[in-house]
Amino acid sequence: MAISYNKRTCDCGTLRAADVGKKEVILAGWVNNYRDHGENLVFIDLRDRGGLTQCRFNVDTDPEATKIARTLRKEDVVAVRGEVISRGENVNPKLPTGEIELSVHEVNILSKSLTPPFEVADHVEANEDLRLKYRFLDMRRRPMQQALITRHKILQSFRGFYYREGFLEIETPILTKSTPEGARDYLVPSRVFPGQFYALPQSPQLFKQLCMIGGLDRYMQIARCFRDEDLRADRQPEFTQVDLEMAFVDVDNILDVVERSLAHVWREVAGVEVPVPFRRMPYDDAMRDYGSDKPDVRYEMKLLDVTEVAGRSEFKIFREAVEKGQMVKAICLPGGAEMPRKETDGLTAEIQGIGAGGLPLCKVMAGADGKPELQTGIAKFFTGQTVGQLIEATGAKIGDLLCFAVGRFADVCKHLNWLRTTLAERRNMIPKDRWEFLWIVDMPFFEWDDQANHWSFLHHPFTMPHTEDLDKLDSDPGAVRAKSYDSVLNGVELGSGSVRIHDMDLQKRMFKLLGISEEEAHRKFEHLLTALQYGAPPHGGLALGLDRIAMLLSGADSIRDVTAFPKTQKAFCPLTECPGEVDPKQLDELGIDLAPAVKAKRAGKA
RNA sequence: GGGGCCGUAGCUCAAUUGGUUAGAGCAUCGGACUGUCGAUCCGAAGGUUGCGGGUUCGAUUCCCGUCGGCCUCGCCA
């Protein structure tokens, strides 16, 4: 007589002291652990998504069940039927179900398990590669389940919020045309049109604009996006955006609804009240003070401009740079003067690894007269008044370490931003449990591209310039600000968006400025350009990175930890072992042949 | 494509300056045990030190190449 495992009476995390006496309880799940006390008494911890319940088998009352129980091993799947009894003195305070146990009368083995390649126990570590290969085992563990549950809650919370705000959830194509984003596309060959390709969407950008032109007014989508670029801890080849677009809005409308949605999610998922509106920081300020367009403002250590005094020092590198019109900036690490030589040498090597020439630094120490003086490193190049002027310019105190970067603005930003974030992390200067939401606004519209010798856009070519900057489009493109904005949280870019151009004449002007010919524009964006001519409402929107939000709310270090089936840094899936080769017949049907070099390489491997 | 770290038993790690038979904990297997709960006790089994080459009397250790993983720069408007 088999147990009706499809008639589970509850999950393994449900039963409490109040349930003691229930005689016909059916549980089903995995054997988390077994403790065999000889022929007479066996304990099985049964696990499912809900939790753990201890099952007791006693040979005196249930000899058949006990006999089977002795054969059970970790990760076997069983159904059990029995009675809820009190544990009496033997309560386990670590378990929510620790006051009771199931006295099992009948057990049914539904499926046996091989010995797992790593232990399915929360406290046992396994390397990530192995966890990905056996993700279905990793998923049985608490941390993974909690991350996926958190992600689920975030999704539901966003959906509920935007639904109540009047947004329609609309699906857009996955097989589509290459979009205007700058990333490399994943391509899908067409069988019906040999030699032609679909692209997987880097985002639903143009479709959501078409939805606005289509009069849908408010669009949102939990959208899968695909970009064939190199990966990072916070980048996967496929990822999920909370994508939205609104008609008849300007910047303030969009920021308002998005920050309220984020506050809503944080309230529902984390129980945290996030104050709105969020702080807004102009892009130029962010670059000046933090050297980053996604500053972590939970801690200070701002970038300090010391170009003036550095230019008057005797340090040749500083003086020559300043004479060339370059700059010198510094960060002041509080208490950093204690840092041993070995560590500063290590930092120097590391910062050289990202392209810096070196790491000029000096320590601020107490002199014989008790007043601050500079020591070690480049201290000797500061003499006379420049010592006091440097200390004043940086606000450094005795015991601090001053680190410098010299060169072009972009390089100084890159190097000091790296140093600031690296030092803050390693020296535990980042306050935990703080959520510093930030809007980065007033971003420049154009960036001069030295290689292509023309202005290129920082966003996509449909971004609206600031109205008051329109007359600078031709005279001073570098000064034109975009109606675009980035959402930043604790140094992580959560999302970005913009108000779009809805005027065909302006759009044409933009293409011209960007060096995009009329032919090219039509070839790439025909459908949008056509639509713009049939009555386009002013509109704009934004997309939030769901994976990063889930990562932050789960306290994870990587979005792989909040993704059910992620890929490795080479975009390989250890579980499915994709990408993989396909049957030559499939290529035939598509009219595709591999390049000779690729064929040769594969033949060499085989 | 560049820089950095890593790869030793199923898992997590150790192995002195390059030196005897590469160890430990957990897991696994066998046995014992009526109250355990990350059970305990006794015992066993488990290794191409990622792979290939080099230096050496001798390589887990040093060098070169290669494969894989992670972090990162470029890249990702």
Side-chain angles (χ1 to χ4, degrees), chain A residues 32-46 52-61 66 73-75 85 87-95 97-98 101 114-134 137 179-185 202-203 205 225-237 239 346 349-356 411 414-415 417-418 421-422 425 443-447 449 455-463 482 484 486 493 496-498 514 516 545 557-558 560 567-570 572 574 605:
Chain A
N32 193 62
N33 202 2
Y34 59 94
R35 294 176 292 281
D36 186 343
H37 286 256
E39 304 244 337
N40 296 310
L41 184 67
V42 178
F43 294 107
I44 298 288
D45 293 331
L46 198 63
L52 283 178
T53 297
Q54 175 165 285
C55 299
R56 188 196 71 166
F57 299 78
N58 190 323
V59 76
D60 297 331
T61 53
T66 308
R73 291 297 179 264
K74 292 179 183 191
E75 302 312 313
I85 61 173
R87 291 220 204 168
E89 296 296 302
N90 301 307
V91 165
N92 183 353
K94 291 182 194 166
L95 284 183
T97 61
E101 64 193 2
L114 297 174
T115 301
F118 55 87
E119 290 178 68
V120 182
D122 296 350
H123 63 96
V124 176
E125 307 245 325
N127 85 55
E128 192 178 12
D129 206 24
L130 200 66
R131 287 172 50 210
L132 294 188
K133 184 171 169 63
Y134 295 93
L137 295 178
T179 40
E181 284 80 13
R184 207 173 285 117
D185 285 318
Q202 297 177 29
S203 82
Q205 182 61 41
C225 306
F226 307 84
R227 293 177 192 176
D228 187 4
E229 295 292 346
D230 289 346
L231 307 184
R232 291 282 190 288
D234 61 354
R235 270 193 242 157
Q236 281 275 298
F239 58 100
E350 283 184 272
I351 205 165
Q352 283 170 333
I354 64 165
D411 292 327
K414 177 181 164 185
H415 300 145
N417 173 51
W418 176 85
T421 52
T422 302
E425 195 171 318
M443 311 179 95
F445 203 98
F446 300 103
E447 189 179 48
D449 188 332
W455 293 96
S456 67
F457 47 86
L458 242 71
H459 296 267
H460 62 67
F462 310 111
T463 300
S484 68
D486 279 2
E493 183 191 315
S496 67
S498 65
L514 296 167
I516 299 174
D557 295 322
S558 159
R560 293 187 302 276
K567 293 181 173 55
T568 68
Q569 201 164 50
K570 293 184 77 180
F572 178 76
K605 274 181 185 172

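Note on naming: letters A, B, ... go to the chains in the order of the sequence lines (proteins, then strands), and numbering restarts at 1 for each one.
Put simply, the side chain of A:Arg73 and the base of B:rC29 share no donor and acceptor less than 3.5 Å apart. A donor-acceptor contact under 3.5 Å is formed by the side chain of A:Arg235 with the base of B:rC76. Judged by distance alone with a 3.5 Å cut-off, a donor-acceptor contact links the side chain of A:Arg87 to the base of B:rU36. Side-chain atoms of A:Glu101 come within donor-acceptor range of the base of B:rG35, with a qualifying N/O pair under 3.5 Å.
The nearest heavy atom of RNA chain B to A:Tyr34 and to A:Asn58 marks one nucleotide each, and the one closer to the 5' end goes with A:Tyr34. Taking for each of A:Gln54 and A:Ala349 the nucleotide of RNA chain B with the nearest heavy atom, the 5'-most of the two is the partner of A:Ala349.
With hydrogens and angles ignored, the 3.5 Å screen pairs a side-chain donor or acceptor of A:Lys414 with a backbone N or O of A:Ile354. A donor-acceptor distance shorter than 3.5 angstrom exists from the side chain of A:Thr97 to the backbone of A:Leu52, with no hydrogens or angles considered. When atom types are taken as modelled, the side chain of A:Gln202 and the backbone of A:Ala183 share a donor-acceptor pair closer than 3.5 angstrom.
In this entry the distance linking NZ of A:Lys94 with P of B:rU36 reads 13 Å, nearest Å. Rounded to whole Å, the distance from CZ on A:Arg184 to C1' on B:rG74 is 11 Å. A:Leu114 has its CG atom 18 Å from the P atom of B:rA27, to the nearest Å. A:Arg131 has its CZ atom 11 Å from the P atom of B:rU12, to the nearest Å. Put simply, CZ on A:Phe226 is 24 Å from P on B:rC75, counting in whole angstrom units. A:Leu41 has its CG atom 12 Å from the C1' atom of B:rC37, to the nearest Å. Counting to the nearest Å, the P atom of B:rC41 and the CG atom of A:Asp36 are 16 Å from each other. The distance between atom CD1 of A:Ile351 and atom P of B:rC73, rounded to the nearest whole Å, is 12 Å.
When the C1' atom is compared between B:rU21 and B:rG47, the two are found 13 Å apart, to the nearest whole Å. Nucleotides B:rG74 and B:rU12 place their P atoms 32 Å apart, quoted to the nearest Å. Between the C1' atoms of B:rC67 and B:rG50, the separation comes to 7 Å (whole Å). Taking atom P in both B:rU60 and B:rG53, the straight-line distance is 14 Å, to the nearest Å. Separation of the P atoms belonging to B:rA45 and B:rG23 is 13 Å when rounded to the nearest angstrom. Across the C1' atoms, B:rC42 and B:rG58 are found 39 Å apart, a figure rounded to whole Å. Rounded to a whole angstrom, the distance from the C1' atom of B:rC62 to that of B:rU49 is 15 Å. B:rG31 and B:rA24 have their P atoms separated by 24 Å, with the value rounded to a whole Å.
Contact of the A:Glu101 side chain with the A:Asn90 side chain is not registered, since no non-hydrogen atoms from C-beta on lie closer than 4.5 Å. For the pair A:Leu95/A:Arg87, a side-chain contact is recorded, criterion being any heavy-atom separation below 4.5 Å from C-beta on.
Listed nucleotides B:rU34, B:rC73, B:rG38 differ in distance to A:His123; the shortest reach to its side chain belongs to B:rG38. Checked against B:rA27, B:rC73, B:rC75, the side chain of A:Glu229 finds its nearest nucleotide in B:rC75. In the set B:rC11, B:rU28, B:rC75, B:rC75 carries the atom at the smallest distance from any side-chain atom of A:Asp230. In the set B:rU34, B:rA27, B:rU12, the nucleotide with an atom closest to the side chain of A:Glu125 is B:rU12. The side chain of A:Asn90 lies closest to B:rC37, out of B:rC37, B:rU34, B:rU28.
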side-chain contact (heavy atoms from CB on, under 4.5 Å) evaluation trace for A:Ser498 with A:Met443: CA-CA 10 Å; A:Ser498 65; A:Met443 311 179 95; over 6 Å; no
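Checked for salt-bridge contact, A:Arg35 and A:Asp45 meet the test: a charged N lies under 4.0 Å from a carboxylate O. Salt-bridge check for A:Glu128 with A:Arg560: passed, with a basic side-chain N closer than 4.0 Å to an acidic carboxylate O.
At a threshold of 4.0 angstrom between heavy atoms, the contacts of A:Ala126 are confined to the sugar-phosphate backbone, with no base atom among them. Here A:Asp60 lies in heavy-atom contact (under 4.0 Å) with a base. The residue A:Val42 sits apart from the nucleic acid: no heavy atom pair falls under 4.0 Å. Across all strands shown, A:Leu231 has no heavy atoms under 4.0 Å from either base or sugar-phosphate atoms. Heavy atoms of A:Phe57 sit nowhere under 4.0 angstrom from any nucleic acid atom.
Surrounding CD of A:Glu229 are more than 12 heavy atoms belonging to other residues, nucleotides or ligands, all under 6.0 Å away.
An aromatic stacking contact between A:Phe118 and the base of B:rC11 is absent, as defined here by ring centres under 5.5 Å apart and ring planes under 30° from parallel.
Under 4.0 angstrom from either OP1 or OP2 of B:rC73 there lies at least one side-chain N or O belonging to A:Arg232.
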Please list, pair by pair, any protein nitrogen or oxygen found under 3.5 Å from a nitrogen or oxygen in nucleotides 68-70 of chain B.
residue, atom, partner, partner atom, Å
B:rG68, OP1, A:Lys570, NZ, 3.1
B:rG68, OP2, A:Lys570, NZ, 3.0
B:rG69, OP1, A:Thr568, OG1, 2.9
B:rC70, OP1, A:Gln569, N, 3.2
B:rC70, OP2, A:Gln569, N, 2.9
B:rC70, O3', A:Arg560, NH2, 3.0

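For A:Glu425, there are no salt bridge (Lys or Arg N to Asp or Glu O under 4.0 Å) partners two or more places apart in sequence or in a different chain. Applying the side-chain hydrogen bond (donor to acceptor under 3.5 Å, both in side chains) test to A:Arg184 and every residue at least two apart in sequence or in another chain returns nothing.
A 3.5 Å limit on both hydrogen-bonding distances identifies no Watson-Crick or G-U partner for B:rU17. Remark: B:rG30 base-pairs with B:rC42. Criterion, Watson-Crick or G-U wobble with two distances under 3.5 Å. Nucleotide B:rG7 has B:rC67 as its partner under the Watson-Crick or G-U criteria, with both atom distances under 3.5 Å. Across all strands shown, nothing is found opposite B:rU56 as a Watson-Crick or G-U wobble partner with both distances under 3.5 Å.
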